[in-house]
Each structure stands twice: as structure tokens, then as C-alpha cells.
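What follows is a single structure, written as C-alpha cells, with notes after it.
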Amino acid sequence: MYELKAYAASDDSSRGRLHEEPEATMRGTFQRDRDRVIHSAAFRRLEYKTQVFVNHEGDMFRTRLTHSIEVAQIARTVARALNLNEDLSEAIALAHDLGHTPFGHAGQDSLNKCMRDYGGFEHNLQSLRVVDVLEEKYAAFAGLNLSFETREGILKHCSITNAAELGTLGERFLNGEQPGLEAQVANIADEIAYNNHDVDDGLRAGLVDLNDLQNVESFRQPFVEVTDLWPDLPERRTIHEVIRRMINRQVLDLIETSQKAIDACAPGSIHEVRTAGVPLILLSEEANNRHLELKRFLRTNLYRHYRVHRMTLKAARIVRALFDVFSEDARLLPKAAADHMAELESANGATGRARAIADYIAGMTDRFAIAEHERIFSASTLT
Ligand code: MG
């Protein structure tokens, strides 16, 4: 194992778990967190949840599972190069999307609207809810009982209202503190991963045009390099070679820029990272501008494509219809979800009741949500 820097997260400086447990025999704190995430039900469901494309659109596209694995790969590379805790960055990366609804952002926006009068719905907060409360894996406690540092990393954003209710974990949003460097790494790794794979998936789906992409600097440069070196390469291999170089460039820039920022700040502990006032894991200004240019391109050309919009609209309607029908008649809920609702309702009235429905819907995969909608609303499936 490479040597951890003083500002990296370590087993010794960990702020511990919600419920006290004996240490694992062969594994460190964050290795154990990562393993618990991998064995969770929510992690397995990521295979059938998507970000841009609905799961049944084809088997070629990224799912949230393959996305999370790509994020973990990038995060591990960066964490190791900066002598940070690789296991922690990996655990956060694998867990970061656990709370996502079916149908990506369309599903999340729709569920947030449904929950407007009941505290709203934030996917980051839901990821935390999954690992803290909803997973049913252990005899001694609800949830996965992950360490503070992994939970801190999972909660990437949080509204001030919600932060106020989260105790120690919410404090940094109220005090304007940063999370540990491993969390900062996982956060940027997420952005790098999805920007680049959305280019790949967008091209593959025929929604993004190769000529249009050449107006984007971060694509154009490696594209020119690759086509100069291999003018006769088939298009798929050209695209992959370009995307591979795009990711590599960003990752190298991230490592170099972050190392400089860390050296300049010279934090002596993870506490000094948290109170540094600014993030220390960052891209150079030039790389960040290119990254933002690519994001803008994808927003206009992919996320707002009419075919994506059609999926988005259908997805939002499915989520809304399910939420409304379960709110009107809770007898439609399967037993486990009905029991969960009874429990939350007795503790928290109408808000608890709505939260239980949100938990049920957020836990669905794309295809399960479509099937459940069909089972409830289609006259031809009276079973
Ligand atoms: Mg993500």
C-alpha cells in the first residue's frame, strides 16, 4: 500500500459509524464500507436504472451501475496518485447514485414536484437515506452503518433546511466547510465520467453528430490527433480512442492542478482540509472551461434532443401517476411498502405517508416502474 498523506482520510482519524461495531478482522474501515455498498440491494438495482436513456432503449448504453464503476475507476486513479485513501474514494463513487429514482433526472424532478408539500425529494439525500435507513441487511441495525467519511462523501449537495436536520453530517453545509479530499475526488470523477460517456452514448444513439462535436475544443483536439495518426481507422475505434484521450487529459490535469493546490494550502490533517475554505481538488481554469463547454454542448444537443424529451415526458408522467395513485389508495401497495408506510405514517402523519411512497418509487428500476404503471393502469393486465 502506498503511503497516505496526513490530510488523507484514515482508519485512525475516522469519525466512526452511527452504531458502534467491532472492527473487521482483515479489512480497513473504508474497504468494509465499499464491500457493504457492493452487497446492497440498491447497488444491484443500479443495473436497471439510467441517466439519459431509458433502460429498455438498448443494451449498448451506460446504466447507473456501469457509470458508478467508471466513476470509481477514475476516482481510484486520482486518489492513489495524490496519496489519498483510495478505498474511501471508491466507496463513495460506488454509493453516490444509490438514491436515484428510475428514469434519471426526469424521474427525480417529477418526484421532487410530487413531494413539494412534504419536504421535497433530493437524490443525494435519498442516497444517504438508502445507506442509513432503507437497506435491510444486518441484524443489529437498519441501513449499512457506513463510516462518517463515506456518508459525508455521499451527501454531495444538500439544502440548508435539510442540512439543519442532519446533525453532524449536515454541519458543513451550514458552516461552509468542505468535505474530505476523497469526497472531492469522487465528485469530480462523477462529472468527468458522465460527460465523456454521454458523448459516447449520444453518438452511438445517433442523437449527437460527429461534425457538431468537432466544434467542441476538448473533442476537436484529440480527434485531430487521432485522425492524423490513423486516417483509415473505423469510426467506432476513432471515437473510443478520442474519448479515452479526453478522459486521460482531464484526469492528468486534475491530478496536477490538485497537487499544486494541496501543496499551496499544505493542510496538516483532514480537519484542515474541511476548513480550508475552498475545494483543493480541482481542474485548471483552462480544463474547467473546456469541461463547461462540453457540458453546454451536451445540454443543447443531447439532453434537449426531442427524442430524449419524449422519454423525459413519459418518465415524468409515470412517476407522477404512480405517486398520485398510491397517495389516493394505499391498498395498491405491496405488503412491504404498505408496512413501511404504516410505520412512517404513525411517526409523521401525512408527511411520513408521502415519504414512504417516495421511498417505494425511488427504489424502482426503470423497467419495474414501467411494469408497475402497466399493472395498475392497463385494462389488459388485470392480475
Ligand atoms: Mg453520477
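In each ligand, atom 1 is the first atom listed, and ligand 1 is the first ligand listed.
- Between Asp97 and the choices Lys49, Arg45, Arg64, Arg62, the salt bridge (Lys or Arg N to Asp or Glu O under 4.0 Å) rule is met once, by Arg64.
- Checked against the Mg ion (ligand 1), the N, O or S atom of Asp190 at the shortest distance is OD1.
- A side-chain donor from one of Tyr360 and Glu372 sits under 3.5 Å from a side-chain acceptor of the other.
- Nearest approach of Ala91 to Asp33, heavy atoms of both residues: CB-CB, 4.2 Å.
- Of all N, O or S atoms in His67, the one lying closest to the Mg ion (ligand 1) is NE2.
- The environment of CZ in Arg80 is sparse: at most 12 heavy-atom neighbours from other residues, nucleotides or ligands sit within 6.0 Å.
- Within the 2.8 Å limit, His96 places at least one N, O or S atom next to the Mg ion (ligand 1).
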